[in-house]
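Every chain is numbered from 1, with letters handed out A, B, ... down the list of sequences.
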Amino acid sequence: MENTELKSVLETLLFITDRPLPIGQLCKVLGESDAGRIGSMIDELKSDYASRSASVQILEIAEGFQMATRPEHAAFVRKLYADKMTLKLSSAALETLSIIAYKQPLTRAEIEQIRGVEVIAALETLLEKRLVRVVGRKETVGRPLLYGTTPEFLRHFGLKSLSEMPPIESFRPSPAQDPPPAAEPAEASLASQNPEGA
Amino acid sequence: MENTELKSVLETLLFITDRPLPIGQLCKVLGESDAGRIGSMIDELKSDYASRSASVQILEIAEGFQMATRPEHAAFVRKLYADKMTLKLSSAALETLSIIAYKQPLTRAEIEQIRGVEVIAALETLLEKRLVRVVGRKETVGRPLLYGTTPEFLRHFGLKSLSEMPPIESFRPSPAQDPPPAAEPAEASLASQNPEGA
Amino acid sequence: MTPVVKDYEVHLEMFEGPLDLLLFLIKKNDLDIYDIPISQITQEYLSYLDLMKDLNLEVAGEFLVLASTLMQIKARTLLPSQDSEEEGPDPREELVAKLVEYQKYKEAAKFLEARAERFKDVFYRGSPHFSDEEKTLSIGVFDLLATLREVLDRAEEGGMEVAGEEFPIEDKMRKILHLLESRPYVFFKDIFQDERKRLAILTCFLALLELIKLQKVFARQDGPFAEILIYRKEAPASAEGGIDHGEHGTQERP
């Protein structure tokens, strides 16, 4: 690949990636064996960006390269994401989430069996907030989707791993205690999560 | 805020966002009341990018603006993500989606009325891919959930807004066996938006 | 009636409904949706239903409801026309209206598909990654069934069946894979080449479905009602340089 083309593809990759890309991986994707060449192309890109005072920069972080915003505009980025940071969950969503956390992977029908009500609205909220994801399909009739929790789930609840969750048996209700009635899934949180408030 | 600064912050926001930003939201984040000014700054940014043949472009999509890669380098992006970037929907899912797009908001029973068969599996797939979301409940017996399309839906199909979809009546089968109506009236506006053609 | 083929755990995911089948038959026979020959369509519709039962496919209840609607319409056309006003809505008109309505959305779906194809090469930061590729039969179930029907029609009539004769599905799966060993694809019909017995043909068909489900082969059709081809599925090339999203179906946002 010729230099201009290589630089252009590099720019594309550094833009689109959601994690730092090591030189080795860039070589593989670009089909280029000369890591030194990739390195100097990145340097060129860096100085191109700097010389036109672009508001985006190419950073070398621990494991690799990635585009990032410059600190000058941090206030605006924070403002953009301000609404997103607050995460309020309805009790229906929380109950659904705890069922998934303890019983994963499981299907929607299995969650509904436990909760005794439809959970599609709660599930949609959890998917939207990336607390839950599809982890595969169950090999039964219809191959229903299987759900599990995400790394975001752990981060949000301050857990290092799933094993940090208390054993489910510790929540066994005392005989007298009735479980609270299943609450309506509240739609409120959807709008606030969406920055444009669509 | 002075023009150069404004453009620079705009570039930052259009880069960092993971979803299209409507002009209104950009105004809010930037503390700028003049939407026209933001619009012309975006136009300037667009032509800056085009004139230096940047490998990234600014697109008007899904009722907002966002940076995107250019189609020329798609092969490398796919390679970076191990080919996990292409969503192929089944025809059942596509049909369910088109019903939702035109008739939203509507309930699952209403979709099933049109398709004549259960749609829960297709609906679950569409929710999971975030092409569709729960938008509320219908105030009838059982308060069934109402579904609608998402900004991701518009983005996935390259639509600026729902109004870019051809009127549903243009798809009505004609009494004689004429070929179905030409499928893409919106061609012109997209071609100009996406100069390379996909 | 019990299904002809029993005890096989082959399940075809059927997301198509009775309206899809009717629209398929209308297109296949090049009929006018506004002027459907009701006897012909009813007979064909019922024969597909029988075939689906023979294959032990899960036939949704809606299929049976529509079957009885069709027979009701047929019965009406045989009666001398009377004051139809008293009999409430004309079931034929209702059915045509439903078909026309649904047909519009099917065309709209094609519009969406074409759009997605045009924009598939543009990526955004935050574009979702798909860890579980949507499994789609690239051809319709009814296209498969239509071809199967042709094969069955050509085969010898059922009189030759030997009671208790067995056709293990595994044998048929091996046979199909064997056919594909020396070439990249075969015609769908070629799979049934040396089969003469109804049960053997049905079993062969189920074997094919199973292989599709196991992703050992895939079916392709270039254009409506074109010949169906069965391809061997190559082992996926190692995703060199790819980010492993196995544990990362969702993206982390700032």
Would you mind checking which part of C:Asp20 comes under 4.5 Å of any heavy atom in chain B, side chain (CB onward), backbone (N, CA, C, O), both or neither? side chain
Spell out, as yes or no, whether a donor-acceptor pair under 3.5 Å connects the side chain of C:Arg125 to the backbone of B:Phe15. yes
Sidechain N-carboxylate O distance under 4.0 Å for B:Arg172, C:Glu101: no
Find the one option among B:Arg155, B:Met165, B:Lys103 whose heavy-atom pairs under 4.5 Å with chain C are most numerous. B:Arg155
If you round to the nearest 0.5 Å, how far is OH of C:Tyr105 from CD1 of B:Ile111? 11.0 Å
Honestly, the part of B:Phe76 sitting under 4.5 Å from a heavy atom of chain C is neither
For the side chain of B:Thr69 and the backbone of C:Phe123, is there at least one donor-acceptor N/O pair under 3.5 Å apart? yes
Find the one option among B:Ala74, B:Ser98, B:Ala68 whose heavy-atom pairs under 4.5 Å with chain C are most numerous. B:Ser98
For C:Glu94, look at atom CD and say whether over 12 heavy atoms of other residues, nucleotides or ligands are found less than 6.0 Å away. yes
Starting at CD1 of B:Ile114, measure out to NZ of C:Lys98 and round the result to the nearest 0.5 Å. 10.0 Å
B:Arg70/C:Asp121 ion pair, N-O < 4.0 Å: no
Is there a side-chain contact between C:Arg115 and B:Glu164, using heavy atoms and a 4.5 Å cut-off? yes
Over all heavy atoms of both residues, which pair between C:Phe111 and B:Pro166 is shortest? Give the atoms and the distance, please. CZ-CD, 3.3 Å
How about C:Gln40: does its CD atom have over 12 heavy atoms from other parts shown lying under 6.0 Å from it? yes
When rounded to the nearest 0.5 Å, the distance separating OH of C:Tyr124 from OG1 of B:Thr17 is 12.0 Å
Apply the test side-chain contact (heavy atoms from CB on, under 4.5 Å) to residues B:Lys88 and C:Glu113: give CA-CA distance (whole Å), side-chain angles for both, the deciding distance (0.1 Å), then the verdict. CA-CA 9 Å; B:Lys88 183 105 177 69; C:Glu113 195 174 21; 3.6 Å; yes
So, C:Tyr34 side chain and B:Pro173 main chain: donor-acceptor pair closer than 3.5 Å or not? yes
Under a 4.5 Å heavy-atom cutoff, which of C:Pro18, C:Gly17, C:Ala108 has the most pairs with chain B? C:Ala108
Assess whether atom CD of B:Glu118 is packed by more than 12 heavy atoms of other residues, nucleotides or ligands within 6.0 Å. no
Calculate, to the nearest 0.5 Å, the distance between atoms NZ and OH belonging to C:Lys104 and B:Tyr102 respectively. 10.0 Å
Just by distance, no angles: are the side chains of B:Arg115 and C:Tyr102 close enough, under 3.5 Å, to form a donor-acceptor pair? yes
Non-hydrogen side-chain atoms of C:Leu19 and B:Val117 separated by less than 4.5 Å: no
For the atom pair CD (C:Glu107) and CZ (B:Phe171), what is the distance rounded to the nearest 0.5 Å? 7.5 Å
Just do the side-chain contact (heavy atoms from CB on, under 4.5 Å) check on B:His156 and C:Leu112 with the steps written out, would you? CA-CA 10 Å; B:His156 182 74; C:Leu112 287 179; over 6 Å; no
